[in-house]
Amino acid sequence: DFDNAIVAISSQTEASIFATMALKRLGVRHVIAKAGSQLHGEILGRIGADRVVLPERETGERLAHTFSVPNVIDYLDIGPHFGIEKIRPPKSFIDRTLGELDLKNRHGLTPIALRRGNSVLINPARDEKVREGDELILIGKDDGLQRLRG
């Protein structure tokens, strides 16, 4: 009588495949399954898993986007060559408005939020000044994010 299930067995490929198949045959509508490898994930998808997660791979990709780049706090892949990145604004951004920075035209990036202390400004206005200690959340193509990093 469950609509949702999670299969979190990735170290035993056969067990996770059987568990996923059994849940789908029992009528569970939405099954999320954890995979230990790309091939394991493809098999889970083919047998009916509605969503397959590869946590080690996903974490590795997120870490790679932030590795050796001091201003990047976090990265979320949202499509091929497209992501959301949370950054500590570089010194050149401080005391300038988002309009002055013109990130959309210069880098193809859209500021979607600005975190200042415990408050978050969603869709910050162009006249919003970036302050020391702010965190800026940007969405755009990876190449634009890369150009911003310098």
S.K.: Treating Ile, Leu, Val, Met, Phe, Trp and Tyr as nodes and any side-chain heavy-atom pair under 4.5 angstrom as an edge, say whether Met21 and Val7 lie in one connected cluster.
M.R.: no

S.K.: What do you reckon, is CD of Gln12 surrounded by more than 12 foreign heavy atoms closer than 6.0 Å?
M.R.: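 Result for CD/Gln12: open.
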
S.K.: Enter the distance from Ile47:CD1 to Arg25:CZ here, rounded to the nearest 0.5 Å.
M.R.: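 Between atom CD1 of Ile47 and atom CZ of Arg25 there are 9.5 Å.
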
S.K.: Quick check on the hydrophobic clustering: are Leu54 and Ile43 connected, directly or via other members, by side-chain heavy-atom contacts under 4.5 Å?
M.R.: yes

S.K.: Which pair of non-hydrogen atoms, one from Leu136 and one from Ala113, has the smallest distance, and what is that distance?
M.R.: CD1-O, 3.7 Å

S.K.: Any chain of hydrophobic side-chain contacts (each under 4.5 Å) joining Leu23 to Ile17?
M.R.: no

S.K.: Kindly work out whether a path of hydrophobic side-chain contacts (I/L/V/M/F/W/Y, heavy atoms less than 4.5 Å apart) joins Leu44 to Val53.
M.R.: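 No, Leu44 does not connect to Val53 through the hydrophobic network.
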
S.K.: Only counting residues at least two apart or in another chain, list the ones meeting salt bridge (charged side-chain N to carboxylate O under 4.0 Å, His left out) with Asp95.
M.R.: none

S.K.: Apply the hydrophobic cluster definition, ILVMFWY joined by side-chain contacts under 4.5 Å directly or through others, and give me every member besides Val120.
M.R.: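 Members alongside Val120: Ile122.
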
S.K.: Does atom CZ of Arg51 have more than 12 heavy-atom neighbours, drawn from other residues, nucleotides or ligands, at distances under 6.0 Å?
M.R.: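 Counting other residues, nucleotides and ligands, CZ of Arg51 stays at 12 neighbours or fewer.
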
S.K.: Output every pair passing salt bridge (charged side-chain N to carboxylate O under 4.0 Å, His left out) with a member in residues 8-17, not counting sequence neighbours, ordered by first then second residue.
M.R.: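 Matches after skipping sequence neighbours: none remain.
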
S.K.: Roughly how far, to the nearest 0.5 Å, is the CG atom of Asn105 from the CG atom of Leu109?
M.R.: 11.0 Å

S.K.: Got Ile84 and Leu138 here, is their nearest side-chain heavy-atom distance under 4.5 Å?
M.R.: no

S.K.: Sequence neighbours excluded, which residues qualify as salt bridge (charged side-chain N to carboxylate O under 4.0 Å, His left out) partners of Asp102?
M.R.: none

S.K.: Please list all pairs passing the side chain to side chain donor-acceptor pair (under 3.5 Å) test where one or both residues lie in residues 117-129, with sequence neighbours left out.
M.R.: Arg116-Glu128

S.K.: Applying side chain to side chain donor-acceptor pair (under 3.5 Å), name anything that partners Lys24, two or more places apart in sequence or on another chain.
M.R.: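 Lys24 satisfies side chain to side chain donor-acceptor pair (under 3.5 Å) with Asp50 once adjacent residues are dropped.
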
S.K.: Please identify each residue that fulfils side chain to side chain donor-acceptor pair (under 3.5 Å) with Thr110, with sequence neighbours left out.
M.R.: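 For Thr110, the residues satisfying side chain to side chain donor-acceptor pair (under 3.5 Å) (neighbours in sequence not counted) are Lys104.
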
S.K.: When rounded to the nearest 0.5 angstrom, what is the spacing between CZ in Phe93 and CD in Glu100?
M.R.: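 Reported to 0.5 Å precision, the distance equals 12.0 Å.
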
S.K.: State, to 0.1 Å, how close Ile87 and Pro90 come at their nearest heavy-atom pair, and which atoms those are.
M.R.: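 Shortest heavy-atom separation between Ile87 and Pro90 comes out as CD1-CD, 4.3 Å.
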
S.K.: Flag yes if Ile6 and Phe2 sit in one hydrophobic cluster, no otherwise; membership is Ile, Leu, Val, Met, Phe, Trp, Tyr, and two members link when side-chain heavy atoms are under 4.5 Å apart.
M.R.: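 No, Ile6 does not connect to Phe2 through the hydrophobic network.
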
S.K.: Mind listing the side-chain donor-acceptor pairs of residues 26-39 below 3.5 Å, one per line with the distance, residues two or more places apart or on another chain?
M.R.:
unit_1, atom_1, unit_2, atom_2, d
Arg29, NH2, Asp3, OD2, 3.4
Ser37, OG, His40, N, 3.1
Gln38, OE1, Arg57, NH1, 2.1

S.K.: Using atom types as modelled and distance alone, determine if a side-chain donor or acceptor of Arg115 lies under 3.5 Å from a backbone N or O of Gly117.
M.R.: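 Between the backbone of Gly117 and the side chain of Arg115 there is a qualifying donor-acceptor contact (under 3.5 Å).
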
S.K.: Of the non-hydrogen atoms in Leu103 and Pro111, which two are nearest, and what is the gap between them?
M.R.: CD1-CG, 4.2 Å

S.K.: Taking side chain to side chain contact (heavy atoms under 4.5 Å, CB included) as the criterion, tell me which of Leu114, Ile137, Thr97 meets it with Pro124.
M.R.: Leu114

S.K.: Check side chain to side chain contact (heavy atoms under 4.5 Å, CB included) between Phe82 and all other residues, then give those that pass, not counting sequence neighbours.
M.R.: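 Residues passing side chain to side chain contact (heavy atoms under 4.5 Å, CB included) with Phe82: Ile78, Ile139, Lys141.
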
S.K.: Looking at every heavy atom in both Ser92 and Leu101, which two are closest together, and how far apart are they?
M.R.: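 In terms of heavy atoms, the two residues are closest at O-CD2, 4.3 Å.
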
